[in-house]
Engineer: 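One structure is given below, represented as structure tokens, and several questions about it will come after.
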Amino acid sequence: MARSVAASKASSEPLPSTLAARRNEDVASMASYIADMASELAQLASGGELQMVAYFLNLARVEAEIRARELGGYAIERDVTSHSGA
């Protein structure tokens, strides 16, 4: 009887590859979100004449976009005209 309980328990647990895929999706989503936020902050910094801050935020954006792409994430469409000059 103990063996059947262990077998049924093992069949309901996700496979390691499934867990890894889910984790990659989560990290890709997080990286996409960070890229989006970094983009918005870079635009704010640029508008406030904080060029070095804008530069580093853009570096963070590019790094996050690369990581999201590597993990199979999706690109976030950004409206670059909405924050410029306002």
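Below, each value reflects all heavy atoms present in this structure, side chains not excepted, and no hydrogens, waters or symmetry copies.
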Engineer: What pair of heavy atoms forms the shortest contact from L57 to A42, and how long is it?
Structural biologist: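 Reported closest heavy-atom pair: CD1-N, 3.6 Å.
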
Engineer: Quick check for you: to the nearest 0.5 Å, what is the distance between E70 atom CD and N24 atom CG?
Structural biologist: 10.5 Å

Engineer: If only atom types and distance count, is the side chain of S39 paired as donor or acceptor with the main-chain N or O of A35 below 3.5 Å?
Structural biologist: no

Engineer: Determine, for E25 against R22, whether the closest basic-nitrogen to carboxylate-oxygen distance falls under 4.0 angstrom.
Structural biologist: no

Engineer: What closest approach, in Å, do A68 and S32 show between heavy atoms, and which atom pair accounts for it?
Structural biologist: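 Residues A68 and S32, closest heavy atoms: CB-OG, 3.5 Å.
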
Engineer: Between A64 and I34, what is the shortest heavy-atom contact and its length?
Structural biologist: CB-CG2, 4.1 Å

Engineer: Which hydrophobic side chains are connected to I66, either touching it within the sub-4.5 Å cutoff or through other members that do?
Structural biologist: V62

Engineer: Filter on side chain to side chain donor-acceptor pair (under 3.5 Å), then keep only pairs touching residues 48-59, sequence neighbours left out; what's left?
Structural biologist: N58-R61

Engineer: For residues L50 and L41: do they belong to one hydrophobic cluster (side chain heavy atoms under 4.5 Å, members Ile, Leu, Val, Met, Phe, Trp, Tyr)?
Structural biologist: yes

